[in-house]
*Asks:* 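I have a structure I would like to understand better, so I am pasting it below and will then ask my questions one at a time.
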Amino acid sequence: MKKRLSEYIEYMQKLRDIEGIIQLLAWDKEVNIIPESAPFRSRQIALMSKLHHQMFTDEKFGELLNSLLNDSALPEKQRRNIELTWKDYQRARRIPQEFIEEFSELTSNAFHQWHKAKKNKQFEIFAPTLERIIQMVIEKAKLLGFQGTPYNALLNEYEEGLNVEECNRIFNALKPQLKEIINKIVSSGKKINTKFLNGNFSIEKQKEFNISMALQLGFDMRAGNISISPHPFTTQISINDSRITTSYNSRDITAAIFSTIHEFGHAIYDSNLPVEYYGTPCGSSMGMVIHESQSRLWENNIGRSLPFWEYFFPILRSFFYEKLSNVSPRKFYEAINVVKPSTIRIYADEVTYHFHIIIRYEIEVDLIEGKISVNDIPRRWNSLYKEYLGVEPENDAEGCLQDIHWSHGSFGYFPTYSLGSMFAAMLYEKMKETYPDFDLLISKGHFSHIVSFLRENIYNHGRYYSYSELIKLSTGKELSPSTFMKYVKTKYSDIYEVEL
Ligand code: CO
């Protein structure tokens with residue numbers, strides 16, 4: 001038994017090493033190389049990905065897993081490792097190599113079509129490619145297998161066990177309540193000054209501030225770095241090597257700050273996974289619901305709180321004194337929390353944000369279930385924005401073409417953002433119960449209590465529990481929007497001086 005187990009661990013660590021190589025190539029592609037070199041880098045990444053897939057789906061590896069699966073003498077965590085790897089193995093075996101290659105060619109071509117369509121503000125340019133992507137995504141769902149709707153197979157790709165019943169339960173509860181709150185906020189009449197957030201902010205100074213902020217939050221700069229890329233992301237190359245990217249905008253002081261905090265939330269999770277299970281599921285992070293709960297907890301619940309800015313605003317002000325000398329932490333806090341229905345998701349506040357997700361989710365489900373066709377998207381998109389947020393995109397670039405994800409073939413991904421926020425609010429409440437001086441600690445620049453709580457309740461478990469078990473275990477409750485709604489009501493009735 002021992003020999004086979006160590007064979008398994010060794011093999012998994014090799015696979016993890018290849019993943020690290022792919023991640024490093026991909027990180028470097030986004031951060032360092034010129035566009036003329038990108039196609040060659042993509043080829044290198046594709047080659048390594050193919051090698052990874054071949055190794056992972058190798059029949060001999062399957063035999064090894066199978067023999068360990070029936071081994072009753074395995075320690076509990078290793079038994080769980082084998083169980084999860086067996087599931088992953090079977091799933092990977094269901095998708096043929098030719099399918100992966102065709103899909104990857106289609107989506108890399110789709111990126112250019114999407115980009116062109118967005119530039120020309122014309123959905124029609126992207127429509128034929130998107131149609132083909134959707135066909136292939138449906139085919140993939142069939143290959144993977146599903147219960148109920150094919151969309152469930154896609155959701156499972158991002159968080160094992162997630163399904164449309166769960167999404168509908170959350171979103172249907174959220175919709176009327178959020179709508180009411182947004183209406184009350186908009187009609188409260190309170191005008192919040194946000195002018196000082198825009199202007200000319202030196203990128204060098206912004207960098208300095210962002211790095212010092214990440215350090216203070218607990219990011220270990222010896223074991224990672226923060227660089228620049230157009231679309232911020234985080235990657236954990238291996239142990240003690242965590243890469244964050246952020247994106248600076250000289251006209252907007254908040255853009256980099258919140259993307260840095262968001263990515264920090266991802267990075268601190270990845271870099272605190274149990275080292276003793278490196279390469280195996282118990283040493284890996286959960287799916288996107290849990291990962292986004294971590295980033296959004298830091299970004300919104302913590303990073304957009306008053307105590308956070310009681311500590312950080314004086315520091316930020318010292319970097320940009322001319323611009324911010326007359327602003328108080330409270331005024332800054334209000335400015336970064338303005339609620340305003342808009343057409344663009346990435347600029348949305350934490351209240352209206354969920355409608356951006358719900359709209360895309362509803363359209364995605366209808367597309368995958370064949371209830372609407374690709375040509376219906378712009379009309380349906382615009383009418384849902386009108387219905388839920390009372391705004392209408394001026395053109396397709398501002399509407400259904402705004403995000404890159406469909407060109408990647410990512411269907412079933414967006415709901416994880418909202419569900420992650422729901423869980424983040426539950427964790428936030430639980431931490432406040434656990435540490436009565438939670439806010440005070442933050443206002444003094446202490447964050448280690450947050451990291452300790454998350455280490456004990458989230459990081460240490462790797463993928464041992466299912467996402468719903470992990471939620472229950474860490475908060476004592478099932479995933480629900482009620483804690484999030486309570487959080488929103490408390491926070492925004494104070495900011496807008498209105499009863500919510
Ligand atoms: Co994220």
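The figures here come from the full heavy-atom set of this structure, side chains too, leaving out hydrogens, waters and symmetry mates. One-based numbering, in listed order, for ligands and for the atoms of each. When a residue number appears, it is its place in the shown sequence, counting from 1.
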*Asks:* Would you call Phe312 and Ile261 a side-chain contact if the rule is heavy atoms closer than 4.5 Å?
*Replies:*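 In short, these two side chains do not touch, never coming nearer than 4.5 Å.
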*Asks:* With under 30° as parallel and over 60° as perpendicular, where do the rings of Tyr353 and His356 fit, or are they tilted in between?
*Replies:*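 The arrangement is tilted - the two ring planes meet at 30° to 60°.
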*Asks:* Would you say the Co ion (ligand 1) has His291 as a near neighbour, meaning an N/O/S atom of that residue under 2.8 Å away?
*Replies:*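 Checking His291: none of its N, O or S atoms is under 2.8 Å.
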*Asks:* Just to confirm my numbers, could you give the angle made at the Co ion (ligand 1) by NE2 of His266 and NE2 of His262, rounded to 10°?
*Replies:*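 With the Co ion (ligand 1) as the vertex, the angle is close to 90°.
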*Asks:* Restricting to N/O/S atoms, is Glu292 within less than 2.8 Å of the Co ion (ligand 1) or not?
*Replies:*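 So Glu292 does bind the Co ion (ligand 1) by this criterion.
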*Asks:* Would you please name every residue forming a ring pair (Phe, Tyr, Trp, His ring centres under 6.0 Å) with Tyr459, sequence neighbours left out?
*Replies:*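 Scan of Tyr459 (ring pair (Phe, Tyr, Trp, His ring centres under 6.0 Å), adjacent residues dropped) gives Tyr269.
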*Asks:* How far does CE of Met431 sit from OG1 of Thr434, to the nearest 0.5 angstrom?
*Replies:*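 Reported to 0.5 Å precision, the distance equals 8.5 Å.
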